[in-house]
Colleague: 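One structure is given below, represented as structure tokens, and several questions about it will come after.
Letters A, B, ... are given to chains in the order of the sequence lines, protein chains preceding strands, and every chain is numbered from 1. Only heavy atoms go into these numbers, but all of them, side chains included; no hydrogens, no water, no symmetry mates.
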2 protein chains.
Amino acid sequence: MPVIKSSREEAVEAIMREFRNSGYDAASLARLSAATGLGKSSLYHYFPNGKEDMAKAAVARTVELVAEAVIEPLTGVGSLKARVQKAMTGLARFYNGGKASCLVDLFTVGEAEAATPGLAKAMAEALLRAFAGAAEEAGHPKRQAKDIAERAVVEIEGALVLARALGSTRPFQRMLARLPALLLGGKA
Amino acid sequence: MPVIKSSREEAVEAIMREFRNSGYDAASLARLSAATGLGKSSLYHYFPNGKEDMAKAAVARTVELVAEAVIEPLTGVGSLKARVQKAMTGLARFYNGGKASCLVDLFTVGEAEAATPGLAKAMAEALLRAFAGAAEEAGHPKRQAKDIAERAVVEIEGALVLARALGSTRPFQRMLARLPALLLGGKA
DNA sequence: GTCTATAGTATGATAGAC
DNA sequence: GTCTATCATACTATAGAC
């Protein structure tokens with residue numbers, strides 16, 4: 001999908017989309033060039049270290065978006081139930097209703113780890129912390145809250161994989177529907 | 001009769017391992033050659049269509065192993081509880097305790113889908129059917145059994161992703177520990 | 001069946017004009 | 001900042017000797 005962009009921020013957005021669609025190894029410079037509407041030289045102007053820098057920028061932008069869509073709602077103001085619901089809306093938006101993949105998955109395969117060392121792990125840990133905080137706030141003891149957070153991230157990642165494999169967003173939608181009860185422990 | 005693996009069968013085993021380690025796009029012919037100990041020409045002798053044929057053979061072998069490790073135990077003889085436990089052991093073995101990835105995940109990204117069209121989906125559906133059968137046998141109504149099976153596959157795939165991201169098999173082990181209760185509905 | 005050698009293409013990356 | 005043109009390398013795949 002050749003969308004003409006000009007600014008670096010717009011390029012990063014397109015690059016992130018391309019990585020989330022193709023994974024790291026299949027996202028060639030030719031594809032990234034087409035996705036951004038920028039020639040290779042322009043890409044190297046913005047990202048001097050090439051694909052590696054693009055991957056790092058894509059992860060950085062992803063971290064921002066996840067924080068905005070999921071983590072900030074969870075740690076913000078308002079009733080816990082309302083904040084969890086906001087986070088579900090954020091998850092649905094960020095993962096495009098289950099159609100978009102997660103870099104925690106795609107960037108832990110193949111050559112990606114060498115380009116973005118530790119970044120996928122850090123993203124996963126940020127999600128774990130945010131969900132654990134919510135579960136603790138819901139009244140679960142610390143240990144149990146960590147387990148619940150792990151289950152939440154496991155369900156998100158797994159639902160995205162299954163949705164991709166089946167070509168249906170249903171598994172993701174059903175996962176979103178059961179997440180609040182998991183986090184709140186039926187106290188919703 | 002002694003089971004002597006043909007050179008091709010051994011090659012398929014090594015190729016499957018390489019694809020499960022690197023994903024489709026990062027598994028170059030050079031890596032596949034190194035993994036099998038066969039030169040490129042030998043690989044083309046066994047797999048005339050090259051990487052595409054290797055990917056198909058890897059999936060076919062994976063389907064065999066999943067059937068053997070998970071599906072046959074679930075649909076076999078013995079008490080349901082014992083069969084579910086056998087399937088958990090099979091899952092632990094097949095996914096190397098959480099260290100190995102799943103082709104349902106890796107082969108739905110990048111160029112893999114073109115090489116093995118529909119195969120990852122078929123694998124996911126086979127797992128869903130097997131788990132749904134077990135859940136139904138445990139007394140869950142058909143509709144609920146399908147939901148439970150979906151949750152089981154979601155948990156397996158998600159746990160593998162998180163384990164990979166964190167560099168720890170713990171999430172996979174904890175997932176295995178809670179799967180029986182999910183399938184049996186506490187009636188274990 | 002396996003080897004060496006190599007074809008043809010795509011890749012990541014640069015140089016230099018404008 | 002963006003272009004065209006190009007580099008060196010790695011890729012998939014093939015040919016032909018043995």
Colleague: Between the side chains of B/K146 and B/E150, is the shortest nitrogen-to-carboxylate-oxygen separation below 4.0 Å, so that they form an ion pair?
Modeller: no
Colleague: Closest to the A/K51 side chain: C/dT2, D/dT2, C/dG12?
Modeller: C/dG12
Colleague: Roughly how many Å is it from CD in A/E111 to C1' in C/dT11, rounded to a whole number?
Modeller: 13 Å
Colleague: Rounded to the nearest Å, what distance is computed from the CG atom of residue A/L29 to the P atom of nucleotide D/dA10?
Modeller: 15 Å
Colleague: Looking at the side chain of A/H45, which of C/dT2, D/dT2, C/dA13 is the nearest nucleotide?
Modeller: D/dT2
Colleague: Measuring from atom OG1 of B/T75 to atom CZ of B/R83, what distance do you get when rounded to the nearest 0.5 angstrom?
Modeller: 7.5 Å
Colleague: Expressed in angstrom and rounded to an integer, what is the separation of B/Y24 atom OH from D/dT12 atom C1'?
Modeller: 10 Å
Colleague: A/R8 has an atom CZ; how far is it from atom P of D/dT2, in whole Å?
Modeller: 13 Å
Colleague: Give the rounded distance in Å between these two atoms: NZ of B/K40 and C1' of C/dA7.
Modeller: 12 Å
Colleague: Please report, rounded to the nearest Å, how far the P atom of C/dT11 is from the CD atom of A/E18.
Modeller: 12 Å
Colleague: Taking the six-membered ring of A/Y95, is the NZ or CZ of A/R164 close enough (under 6.0 Å from the centre) and on axis enough (within 45°)?
Modeller: no
Colleague: May I have the distance from A/M54 (atom CE) to C/dG12 (atom P), rounded to whole angstrom?
Modeller: 9 Å
Colleague: Any donor-acceptor pair under 3.5 Å linking the side-chain atoms of B/Q173 with those of B/T169?
Modeller: no
Colleague: Between A/R31 and A/P48, which has a closest nucleotide on DNA chain C that is more 5'?
Modeller: A/R31
Colleague: For D/dT4, take OP1 and OP2 only and decide whether either is under 4.0 Å from a side-chain N or O of A/S41.
Modeller: no
Colleague: Would you say a side-chain N or O of A/Y44 is under 4.0 Å from OP1 or OP2 of D/dG1?
Modeller: no
Colleague: In whole Å, what is the span from the CD atom of A/E10 to the P atom of D/dT2?
Modeller: 11 Å
Colleague: Is there a side-chain polar atom (N or O) of A/S28 under 4.0 Å from OP1 or OP2 of C/dT11?
Modeller: yes
Colleague: Only one of B/R170, B/M175, B/R174 clears side-chain contact (heavy atoms from CB on, under 4.5 Å) with B/F172; which?
Modeller: B/M175
